[in-house]
> 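Starting off with a structure, shown below.
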Amino acid sequence: MYLTAETINLQRFFSEEAPPSCGAAVSFAGMVRNHDHGRAVKSLYYDCYRSMAEKMIKALIEEAEIRWQIGKVRVLHRIGHLEIGEVAVAISVSSAHRAEAFEACRFMIEGIKKNVPIWKKEIFEDGMSEWVSCKHAEAAS
Amino acid sequence: MKIKILFFAELREIFGGSRFIDVREDLTVGEVVDLLEDELNQSYSKRDSLIYAVNENFETTDKKLKNLDELALMTPMSGG
């Protein structure tokens, strides 16, 4: 299960120990920020195609495992309503040496943004709201 | 044949989460989307940017549909 409607607790997520063969662990967390393109953001809402998104994240992990010598990849993506500062996505990758973990972690977050059917809606302080489109999302990230 | 169409995000707000439609055999993804064109035109101007999945696999508009296929109409993704 890579998607959750529950609050992601980073301390708990990142506390899991890497396999003993791994000398490096890279962690990434994406948080809800209070502005986008000069507009004050109040909160976010994430919709998803749940079954396909789970499948696509699993496929991304399998691809990373083929491309790099890595130990363990963990991913948790939040769905539903999120307040400012909450964690939207958490990723950790362990590997024997650091380079592979950094590269695979980057690959995972970019892949999730581009290819996993999850959509973000920004709710602004002024009461307006807007679904974020792909290009917009790339510029904002 | 019967096709289940799934909508997400912006399209979910317009069409609701899903609907079944009865169509003739061998229609393609593009032809099924044509059937929704009037509704799409009224509400969503970026049809060219739509992304399609059939039974959870990305497909192009040429993909032929089978009875009880699940067709997802998706706008560009913005997770992460």
Side-chain angles (χ1 to χ4, degrees), chain A residues 2-3 8 28-33 36 44-60 75-80 82 87-91 105-122 129-141, chain B residues 2-21 28-30 32-33 35-37 39-80:
Chain A
Y2 305 108
L3 302 178
I8 297 175
F28 172 84
M31 275 91 65
V32 182
R33 88 179 147 237
D36 191 30
L44 292 185
Y45 177 81
Y46 283 95
D47 190 13
C48 69
Y49 182 179
R50 191 158 195 160
S51 54
M52 186 174 172
E54 292 278 358
K55 229 171 84 172
M56 294 295 303
I57 293 172
K58 185 164 183 281
L60 275 174
V75 173
L76 202 51
H77 198 301
R78 180 84 182 272
I79 52 173
L82 280 76
V87 178
V89 58
I91 300 169
C105 189
R106 179 78 193 244
F107 168 84
M108 288 304 304
I109 184 60
E110 303 301 338
I112 287 168
K113 281 177 171 284
K114 275 192 201 110
N115 289 320
V116 176
I118 299 173
W119 297 268
K120 177 188 329 195
K121 186 184 202 177
E122 292 175 326
S129 63
E130 197 172 272
W131 287 99
V132 178
S133 79
C134 179
K135 278 189 180 134
H136 187 174
E138 273 172 33
S141 59
Chain B
K2 207 182 260 299
I3 301 292
K4 186 179 189 183
I5 310 183
L6 303 175
F7 305 97
F8 301 95
E10 192 171 350
L11 297 176
R12 189 201 290 278
E13 291 177 349
I14 298 163
F15 291 94
S18 65
R19 67 168 75 163
F20 281 97
I21 58 167
T28 63
V29 167
V32 169
V33 178
L35 299 172
L36 300 172
E37 187 155 18
E39 282 175 272
L40 268 175
N41 284 345
Q42 282 170 25
S43 49
Y44 189 76
S45 57
K46 294 164 277 186
R47 180 175 165 178
D48 288 349
S49 69
L50 288 179
I51 297 160
Y52 306 100
V54 177
N55 305 328
E56 301 178 2
N57 294 305
F58 290 117
E59 298 287 356
T60 63
T61 50
D62 302 334
K63 170 76 178 176
K64 277 202 173 158
L65 293 164
K66 303 185 308 293
N67 189 35
L68 299 178
D69 271 350
E70 208 169 76
L71 167 64
L73 264 64
M74 302 181 282
T75 54
M77 290 142 204
S78 55

> Report the distance from atom CD1 of A:I118 to atom CZ of B:F8, rounding to the nearest 0.5 Å.
11.5 Å
> Side chains of A:W131 and B:R12, heavy atoms from C-beta outward: is any pair under 4.5 Å?
no
> Any side-chain heavy atom of A:Y49 within less than 4.5 Å of one from B:L6?
yes
> Has the side chain of A:K120 got a donor or acceptor atom that lies under 3.5 Å from a matching backbone atom of B:G80?
yes
> With chain B, which of A:I109, A:V89, A:N115, A:I91 has the greatest number of heavy-atom pairs at distances under 4.5 Å?
A:N115
> Check the pair A:K121, B:E13 against side chain to side chain contact (heavy atoms under 4.5 Å, CB included), reporting the backbone distance first and the verdict last.
CA-CA 12 Å; A:K121 186 184 202 177; B:E13 291 177 349; 2.6 Å; yes
> Could you pull out the closest heavy-atom pair between A:P117 and B:M77, with the gap in Å?
CA-CG, 3.7 Å
> B:N55, B:I51, B:T75: which one forms the most heavy-atom pairs within less than 4.5 Å of chain A?
B:T75
> Within a radius of less than 6.0 Å around CZ of A:R106, do more than 12 heavy atoms belonging to other residues, nucleotides or ligands occur?
no
> Check A:R50 with B:E56, please: is the shortest side-chain N to carboxylate O separation under 4.0 Å?
no
> Under 4.5 Å, heavy atom to heavy atom: which of residues 61-69 of chain B reach chain A? Give them by number, or say none.
none
> Are the side chains of A:K55 and B:N57 in contact, using a 4.5 Å heavy-atom criterion?
yes
> Can you measure from CD (A:E122) to OG (B:S78) and round to the nearest 0.5 angstrom?
8.5 Å
> Quick one, B:M74 and A:W119 - any side-chain contact, counting heavy atoms below 4.5 Å?
yes
